[in-house]
Amino acid sequence: MKAFVSLWIVAALGCGDDLAAMRDSGTFERDAGTSARDSGGPSDTGVIERDAGSAARDSGPATGSAGCGESGRTGAWQQDLGERRGFFVSVPEGYDSSRPHRLYIAVHGTGWSGEMIRPYYDIEEVPGGGDELFIYPDRDPSRSNLETTGEAADEDLAYFDEMMEWVTSRYCIDTSRIFAMGHSGGGNWVTFLSCHRGDVLRAVVPTGTGGAWWYSGLGPGDVSGCRGPVPALVVHGRMDSIIPYDPWGLETLDYFRTLNGCGEGTGAILEGTDCALMAGCTESYDCSHDELTPFNDGHQIPSWHRAGVMSWLRSF
């Protein structure tokens with residue numbers, strides 16, 4: 001119990017520096033003229049058109065990766081990737097290389113590491129799982145976060161691709177069911193990935209993020225360089241004192257409405273959460289909430305996050 005309480009204290013202090021860190025690094029500059037990577041756009045108008053009654057992605061059968069049939073290490077460990085950094089990996093003891101597994105990527109906030117954030121999310125033991133692997137990325141040690149602008153964003157996109165190559169070539173991954181979630185600075189990167197790697201990710205859960213339109217390659221109302229749409233639970237506390245809901249949470253919601261072809265209103269509530277279905281599209285939710293969360297800052301993940309997020313992701 002003492003270790004768990006200490007983790008929450010570190011969460012509040014570490015993630016509490018997100019806003020200042022982004023300002024200091026220039027992340028808050030809205031430079032829409034630079035693109036982290038020219039991925040080609042799905043729409044010349046910058047708005048992805050979808051049939052509002054259709055699902056963002058067909059459930060479909062599992063698609064096994066090149067690593068199917070390969071024997072892989074099980075357990076949890078820090079995996080090196082190149083000279084500068086790696087990521088934390090968790091593979092179930094009962095891993096079966098003949099069956100494609102879901103992959104969850106969980107991203108840390110300012111100043112943290114993948115191993116540190118693992119117990120904060122605490123998603124691996126949520127009942128109802130099965131064929132699931134987990135990866136917790138690490139920031140470059142010279143920076144406070146995984147980045148979303150400029151040359152650093154290019155490097156971190158390349159790092160993401162290297163992680164995907166590593167895991168899909170060594171393990172049997174269902175390449176149609178790769179998911180990403182991130183809190184605070186990690187949520188910023190997950191939102192960024194939803195654009196630039198939207199063809200890789202099945203669904204995303206950004207929480208307490210710093211907005212979206214100022215990321216590399218994006219401008220107000222413009223998603224023409226994105227590879228989406230990507231179903232999303234967009235989680236942000238209205239009383240967030242670290243990354244204020246207005247404007248940053250609202251800006252993130254606007255981005256996902258544009259990316260996924262949603263309207264302004266909301267509909268049915270996702271069971272067990274504070275998430276309301278965005279109007280005019282499917283599988284995207286406005287998860288704005290009024291929970292103060294630990295330390296009364298409104299910034300930490302809400303109490304329903306662990307079970308609610310995993311239940312939704314497992315529905316794909």
Side-chain angles (χ1 to χ4, degrees), residues 47-59 104 106 121 123 126 128 179-184 186-188 190-195 198 201-213 220-221 223 226 228-294 296-316:
V47 177
I48 294 175
E49 297 180 359
R50 289 182 42 216
D51 180 352
S54 64
R57 307 262 176 126
D58 182 4
S59 292
Y104 299 92
Y121 287 124
I123 53 176
V126 176
F179 308 94
M181 66 181 73
H183 174 240
S184 198
N188 297 348
V190 166
T191 300
F192 175 72
L193 289 177
S194 74
C195 172
L201 300 173
R202 183 67 173 266
V204 296
V205 185
T207 302
T209 68
W213 294 124
V223 293
C226 295
V230 182
L233 295 187
V234 185
V235 185
H236 208 117
R238 295 186 184 91
M239 294 181 281
D240 191 327
S241 61
I242 307 301
I243 299 181
Y245 181 70
D246 186 359
W248 307 116
L250 294 174
E251 191 172 271
T252 305
L253 281 167
D254 284 344
Y255 160 75
F256 279 103
R257 286 193 185 99
T258 305
L259 181 72
N260 294 334
C262 308
E264 288 295 324
T266 55
I269 302 297
L270 186 64
E271 184 177 358
T273 73
D274 288 327
C275 302
L277 183 66
M278 294 186 192
C281 63
T282 57
E283 301 178 316
S284 292
Y285 289 81
D286 176 351
C287 302
S288 305
H289 65 87
D290 296 315
E291 187 176 319
L292 278 175
T293 70
N296 294 329
D297 65 4
H299 182 60
Q300 310 305 322
I301 57 176
S303 58
W304 52 262
H305 192 276
R306 176 177 178 264
V309 164
M310 292 306 292
S311 176
W312 181 69
L313 293 177
R314 286 168 176 164
S315 70
F316 289 91

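The model shown is predicted, which means the values in this text are computed figures rather than measured ones. Computation of the quantities below employed the complete heavy-atom set of this structure, encompassing side-chain atoms and omitting hydrogens, waters and symmetry-equivalent molecules.
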Exercise. List the atom of Pro231, the atom of Ser284, and the distance in Å for their closest heavy-atom pair.
Key: CA-OG, 3.8 Å

Self-check item: Distance-minimising heavy-atom pair for Ala106 and Ile123
Solution: CB-CD1, 4.5 Å

Exercise. Among Asp286, Val309, Thr207, find the one that has a side-chain contact (heavy atoms from CB on, under 4.5 Å) with Leu233.
Key: Val309

Quiz prompt | side-chain contact (heavy atoms from CB on, under 4.5 Å) partners of Asp290, counting only residues at least two apart | solution = Arg238, Met239

Practice problem: Enumerate the residue pairs fulfilling side-chain hydrogen bond (donor to acceptor under 3.5 Å, both in side chains) with a member in residues 261-278, sequence neighbours excluded, ordered by first and then second residue. | Solution: Asp274-Trp304

Quiz prompt | Nearest-0.5 Å distance, SG of residue Cys275 to CD1 of residue Ile269 | solution = 8.0 Å

Self-check item: Distance-only polar pair, side chains of Thr209 and Thr191, donor-acceptor under 3.5 Å
Solution: no

Exercise. Applying ring-ring contact (aromatic ring centres under 6.0 Å, His included), name anything that partners His236, two or more places apart in sequence or on another chain.
Key: Tyr245

Exercise. For residues 307-316, pull every pair meeting salt bridge (Lys or Arg N to Asp or Glu O under 4.0 Å), keeping only residues two or more places apart or in separate chains.
Key: Glu132-Arg314

Quiz item: Considering residues at least two apart in sequence or located in another chain, which fulfil the salt bridge (Lys or Arg N to Asp or Glu O under 4.0 Å) criterion with Asp240?
Solution: none

Self-check item: Nearest atoms (heavy-atom pairs only) where Phe256 meets Pro206
Solution: CE1-CG, 3.7 Å

Quiz prompt | Nearest-0.5 Å distance that lies between atom OG1 in Thr252 and atom CZ in Arg257 | solution = 10.5 Å

Quiz item: Looking only at heavy atoms, what is the nearest atom pair of Val204 and Trp312, with distance?
Solution: O-CZ3, 3.9 Å

Quiz item: Is Asn260 reaching over with its side chain to a backbone N or O of Cys262, donor-acceptor style, under 3.5 angstrom?
Solution: no

Quiz prompt | Nearest-0.5 Å distance, CZ of residue Arg306 to CD1 of residue Ile301 | solution = 9.5 Å

Practice problem: Could you pull out the closest heavy-atom pair between Ala203 and Val230, with the gap in Å? | Solution: CA-CG1, 3.8 Å

Quiz item: Hey, what do you get for SG (Cys287) to CG (Leu253), rounding to the nearest 0.5 Å?
Solution: 8.5 Å

Quiz item: Of the non-hydrogen atoms in Ala276 and Gly267, which two are nearest, and what is the gap between them?
Solution: CB-O, 4.0 Å

Practice problem: Find the distance between CH2 (Trp248) and CD1 (Ile243) and round it off to the nearest 0.5 Å. | Solution: 9.5 Å

Quiz item: With a 4.5 Å heavy-atom cut-off, do Met181 and Met310 have their side chains touching?
Solution: yes

Practice problem: Indicate whether any N or O donor in one side chain lies under 3.5 Å from an N or O acceptor in the other, for Thr258 and Asp254. | Solution: no

Quiz prompt | Tyr104: partners by ring-ring contact (aromatic ring centres under 6.0 Å, His included), with sequence neighbours left out | solution = Phe134, Phe179

